[in-house]
Amino acid sequence: MKINILTKIPVFVFPLLFFLFVTGNQSFAQSERFNYGFKIGLNALSTMRYNTYYAGVKDSIPGSYTDRNGYLVGAFFRVNYSRSFLQPEVAWNYHQQICGFWIPDASNSKNYSPKALNINMDAVNTNLLLGYGIIRNGPFSFDAYVGASLKWTYKIKYEISEEHQYSGKSKFFCYAGVVGFSANISKLYFDFRYEINQPDTNLDFSNINMPDAYKGVFLEKNENILSFSVGMMF
């Protein structure tokens, strides 16, 4: 009798596994009440204002900047209500930028020498987004969202050359508004966003352990951030 029962167990187990794995794979992430996911991608600083100061005098030295691509890794949780959703996030960002300016020569203050400074920044973001589903059609969806971001830039590396590198820590939290779009193809997740008006990203060389020639330089700048990422949403 026991043998007969054991031989029938696979008959019931197989349909159960088929239901869990096959029908589960046909479900769509955006059809759930709660979702979670991860993403990786690229970001780029977008400098909107850049003023140079030397010894407290604005535009007394020429200046320039070059924004470079950085990287991001993040995770999120989504609460769906009809077509609307609330999405808390946490992300790590790596930003890169090159700042150029002229400083007086040590031997002759009337002559100026061009300098280039590579700035690499590690930051942690916490975001809160409010979104709306514009398109919901089977495995495809397209959403728009707005929100707010709080960023802590916990490490900054300043590089004049490969032989001269300096590290520092920021003493402030930055905040920004966020607008963007996301799309799903089943569980595949795409995200495109713009962080607006990130304030207080000025750079005062007097607060950095760098050569004395740089001490009078102050960069007044405001940066927005453009990013694209791809990931999975479950």
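Bear in mind the structure is a predicted one, so any value in this text is a computation, not a measurement.
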query = Would you say the side-chain atoms of N69 and N43 include a donor-acceptor pair closer than 3.5 Å?
reply = no

ask   = Are any non-hydrogen side-chain atoms of Y158 and I156 less than 4.5 angstrom apart?
value = yes

message = Measuring centre to centre across the rings, with the benzene-like ring taken for any Trp, is F38 within less than 6.0 Å of Y189?
response = no

query = Is there side-chain contact between I185 and F140, with heavy atoms separated by less than 4.5 Å?
reply = yes

task = Go through the structure and list residues passing ring pair (Phe, Tyr, Trp, His ring centres under 6.0 Å) with Y36, not counting sequence neighbours.
result = F234

query = Less than 4.5 Å apart, any side-chain heavy atom of H95 and any of K151?
reply = yes

key: ILVMFWY network linking F77 to F85, side-chain heavy atoms under 4.5 angstrom   = no

query = Is there a donor-acceptor contact under 3.5 Å from the side chain of D143 to the main chain of F181?
reply = no

ask   = Are any non-hydrogen side-chain atoms of I225 and Y194 less than 4.5 angstrom apart?
value = no

request  = Determine yes or no for a side-chain-to-main-chain donor-acceptor pair under 3.5 angstrom, with E195 supplying the side chain and N224 the backbone.
outcome  = no

request  = Carefully, step by step, assess Y154 and V124 under the rule side chain to side chain contact (heavy atoms under 4.5 Å, CB included).
outcome  = CA-CA 8 Å; Y154 63 90; V124 175; 3.8 Å; yes

inquiry  = Looking at Q97, is its backbone amide N or carbonyl O close enough to the side chain of R68 to form a donor-acceptor pair, meaning the two atoms are under 3.5 Å apart?
reply    = no

D67/T47 under side-chain hydrogen bond (donor to acceptor under 3.5 Å, both in side chains): CA gap, chis, key distance, verdict = CA-CA 7 Å; D67 295 324; T47 303; 3.1 Å; yes

inquiry  = Suppose we screen for side chain to side chain donor-acceptor pair (under 3.5 Å). Which residues come up paired with S229, at least two apart in sequence or across chains?
reply    = none

remark   = Taken to the nearest 0.5 Å, the spacing of K39 NZ from F190 CZ works out to 13.5 Å

ask   = Which atoms form the tightest heavy-atom contact between R136 and S141, and what is the distance?
value = CD-CB, 3.7 Å

key: E89: partners by side chain to side chain donor-acceptor pair (under 3.5 Å), with sequence neighbours left out   = Q87, N127, R193

inquiry  = Within this structure, what is the CG-CD distance for the pair D204 and E220, rounded to the nearest 0.5 Å?
reply    = 11.5 Å

request  = Please check if L129 and W92 belong to a single hydrophobic cluster, counting links between Ile, Leu, Val, Met, Phe, Trp and Tyr side chain heavy atoms closer than 4.5 Å.
outcome  = no

ask   = Should Y145 and V178 count as side-chain neighbours, where that means a heavy-atom distance under 4.5 Å?
value = yes

key: Note, N184 side chain near M233 side chain (heavy atom, < 4.5 Å)   = yes

request  = Indicate if L130 and Y132 have the same hydrophobic cluster label, given that clusters are the connected sets of ILVMFWY residues with side-chain heavy-atom separations under 4.5 angstrom.
outcome  = no

inquiry  = Can you tell me how the ring of Y71 sits relative to the ring of Y94, calling it parallel under 30°, perpendicular over 60° and tilted otherwise?
reply    = parallel

request  = Keeping the roles fixed (side chain from R78, backbone from F34), state whether a donor-acceptor pair exists under 3.5 Å.
outcome  = no

Residues forming a side chain to side chain donor-acceptor pair (under 3.5 Å) with T126, sequence neighbours excluded = none

task = Let me see the working for V179 and I196 under side chain to side chain contact (heavy atoms under 4.5 Å, CB included), right down to the final yes or no.
result = CA-CA 8 Å; V179 295; I196 303 172; 3.9 Å; yes

request  = Spell out, yes or no, whether V146 and L128 are grouped together once hydrophobic residues are joined by side-chain heavy atoms under 4.5 Å, including indirect joins.
outcome  = no

query = Are there more than 12 heavy atoms of other residues, nucleotides or ligands under 6.0 Å from atom CD1 of I40?
reply = no

task = Check the hydrophobic clustering (I, L, V, M, F, W, Y; side-chain heavy atoms under 4.5 Å; chains of links allowed) and say if V73 and L150 are grouped together.
result = yes

inquiry  = Run L226 and F192 through side chain to side chain contact (heavy atoms under 4.5 Å, CB included) and show every step you take.
reply    = CA-CA 8 Å; L226 181 68; F192 182 83; 3.6 Å; yes

ask   = Hey, are the side chains of V230 and L188 touching, using non-hydrogen atoms and a 4.5 Å cut-off?
value = yes

key: Gap between atom CD of E223 and atom SG of C174 - 0.5 Å precision   = 8.5 Å

ask   = Apart from L72 itself, which Ile, Leu, Val, Met, Phe, Trp or Tyr residues share its cluster (side-chain heavy atoms under 4.5 Å, direct or through members)?
value = none

ask   = How long is the span from the CG atom in N137 to the CZ atom in F142, to the nearest 0.5 Å?
value = 14.0 Å

message = Evaluate N125 against N93 for side chain to side chain contact (heavy atoms under 4.5 Å, CB included), listing each step before the verdict.
response = CA-CA 8 Å; N125 290 57; N93 280 270; 3.2 Å; yes

key: N120: side chain to side chain donor-acceptor pair (under 3.5 Å) partners, not counting sequence neighbours   = none

ask   = If every non-hydrogen atom of M232 is compared with every non-hydrogen atom of F76, which pair is closest and at what distance?
value = O-CZ, 4.2 Å

